[in-house]
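Let me begin by presenting the structure, written as structure tokens, before commenting on it.
Below, chains carry the letters A, B, ... as their sequence lines are ordered, and counting in each starts from 1. Just so we're clear, the structure is a prediction, and the values are computed from it rather than from any experiment.
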Protein chains: 2
Amino acid sequence: MKKDELLTQANQLCAVDYAFKRIGGKYKARILWYLDMRGVLRYGELRRTLPDITTKMLTQTLRELEEDKLILRKMYHEVPAKVEYSLSETGQELIPFIAHLHAWAKKQIEMDALSVGKVKDERTAAVCKSVCDTE
Amino acid sequence: MKKDELLTQANQLCAVDYAFKRIGGKYKARILWYLDMRGVLRYGELRRTLPDITTKMLTQTLRELEEDKLILRKMYHEVPAKVEYSLSETGQELIPFIAHLHAWAKKQIEMDALSVGKVKDERTAAVCKSVCDTE
DNA sequence: CTGCATCCAGGCGGATACTG
DNA sequence: CAGTATCCGCCTGGATGCAG
């Protein structure tokens with residue numbers, strides 16, 4: 001959802017609602033998080049970092065983040081094409097909150113694993129950890 | 001989505017993704033936020049606080065939050081019925097992050113209003129403000 | 001390499017009516 | 001008062017193929 005569409009109905013929305021419309025969705029927070037951790041990323045790097053994303057969703061999500069001015073897009077007119085994405089200043093303001101959420105989630109996942117006794121495959125978990133939880 | 005369903009696929013998920021699955025959706029964050037601001041709330045009070053919610057979504061969302069142990073549910077076997085909802089300890093740990101998000105969103109909304117020059121209806125905005133942004 | 005176009009399924013959430 | 005039950009539209013997101 002675009003920012004100006006949101007504004008037209010801003011009256012009936014509260015701030016928390018507004019925020020979730022801008023950074024909600026299946027991939028937005030993760031992309032912001034990765035961009036903060038790794039700095040500047042190319043399209044293909046992002047795609048490899050999110051193994052479950054399709055090109056359609058990656059492009060669409062990046063466009064929305066760009067229109068909302070949360071990320072910066074830099075094109076190089078070369079052959080083959082090259083595009084770099086990075087966090088904007090506004091986007092960086094969101095990192096502390098994603099970090100807090102991330103810390104909370106990690107703790108929860110560990111507690112869940114203990115109490116329920118699942119998550120056996122430690123190797124797979126380690127892969128996810130290396131991709132997602134690098135600090 | 002329930003917690004145990006999440007755990008079965010936890011290996012392929014990263015922490016940020018996990019968190020958004022638990023507090024994402026259209027109403028979850030707002031409900032947690034209101035419960036923190038107002039303490040204990042009854043079903044009907046919650047419904048009035050979220051003017052745009054239907055009983056189906058309110059019940060469903062409350063059930064999911066309860067199963068995820070983010071809120072507490074206390075029933076009184078009286079006539080007429082009475083049920084009270086409040087934050088659990090785990091739920092309270094999420095408040096700082098929602099607060100941060102809320103502050104960010106408020107700032108963004110003001111900036112958007114200035115730059116785009118919309119949001120004319122101040123009375124309606126005031127209503128939302130009184131309901132959503134009470135501190 | 002970095003996308004866009006098209007088609008399609010599933011599920012989130014809405015509307016309405018009914019109940020202990 | 002605090003929900004259930006049912007039906008249904010829409011929109012998110014997936015799969016595939018094509019293009020500059």
Hey, does the side chain of B:Arg47 come within less than 4.0 Å of D:dG3's phosphate (OP1/OP2), counting only N and O? no

Where the side chain of B:Arg73 is concerned, which of D:dG13, C:dG3, D:dG3 is the nearest nucleotide? D:dG3

Nearest whole Å is fine: how far is C:dT2 P from A:Lys74 NZ? 15 Å

Sequence-distant partners of B:Phe97, ring pair (Phe, Tyr, Trp, His ring centres under 6.0 Å), two or more places apart: A:Phe97

What is the distance from CD of A:Gln60 to P of C:dT6, rounded to the nearest Å? 15 Å

B:Leu41 CG to D:dC1 C1', straight-line distance once rounded to whole Å: 15 Å

Tell me whether the side-chain N or O atoms of B:Thr54 pair up with the base of C:dT16 as donor and acceptor below 3.5 Å, since no angle test is needed here. no

Any ion pair linking B:Asp52 and B:Arg30 (charged N to carboxylate O, less than 4.0 Å)? yes

With the side chain defined as heavy atoms from C-beta on, B:Thr55 is closest, among D:dG3, C:dG20, D:dG13, to D:dG3

Without hydrogens or angle criteria, can the side chains of A:Thr49 and A:Arg38 be said to hold a donor-acceptor pair below 3.5 Å? yes

I need the CG-P distance between B:Asp52 and C:dG13, as an integer number of Å. 12 Å

Quickly, which of A:Val40, A:Ile31, A:Leu35 forms a side chain to side chain contact (heavy atoms under 4.5 Å, CB included) with A:Tyr85? Name it, please. A:Leu35

Of B:Thr59 and A:Tyr27, the one whose nearest nucleotide on DNA chain D sits closer to the 5' end is B:Thr59

Whole angstrom value for the distance that separates P of C:dT2 from NE2 of A:His77: 14 Å

Side-chain N or O of A:Arg48 closer than 4.0 Å to phosphate OP1/OP2 of C:dT2: no

Could you check whether B:Tyr85 gets within reach of a base, just the sugar-phosphate, or nothing at all, counting any heavy atom under 4.0 Å? sugar-phosphate

Please state how far atom CD in A:Glu78 lies from atom P in C:dG3, giving the value in whole angstrom units. 13 Å

With sequence neighbours excluded, residues passing salt bridge (Lys or Arg N to Asp or Glu O under 4.0 Å) with B:Glu45: none

How far does the helix from C:dC1-D:dG20 to C:dG20-D:dC1 bend, going by the axes of its first and last five pairs, to the nearest 10°? 50°

To the nearest angstrom, the CZ-C1' distance between A:Arg63 and D:dG13 comes to 17 Å

Side chain of B:Arg42 (C-beta onward), nearest among D:dC1, C:dG3, D:dG3: D:dC1

Are the charged groups of B:Arg73 and B:Glu84 less than 4.0 angstrom apart, N to O? no

Walk me through it: do A:Lys107 and B:Glu93 pass the test salt bridge (Lys or Arg N to Asp or Glu O under 4.0 Å)? CA-CA 11 Å; A:Lys107 187 174 134 198; B:Glu93 294 173 14; 3.1 Å; yes

Is any side-chain N or O of B:Lys56 under 3.5 Å from a base N or O of D:dG3, one able to act as donor and the other as acceptor? no

Phosphate OP1/OP2 of D:dT4 contacted by B:Tyr43 side-chain N/O (<4.0 Å): no

When every non-hydrogen atom of B:Ala29 is compared with those of A:Phe20, the smallest separation belongs to CB-CE1, 3.4 Å

What's the closest nucleotide to the B:Met57 side chain, out of C:dG13, C:dG3, C:dC1? C:dG13

In whole angstrom, give the distance that lies between atom CD of A:Glu66 and atom C1' of C:dG3. 13 Å

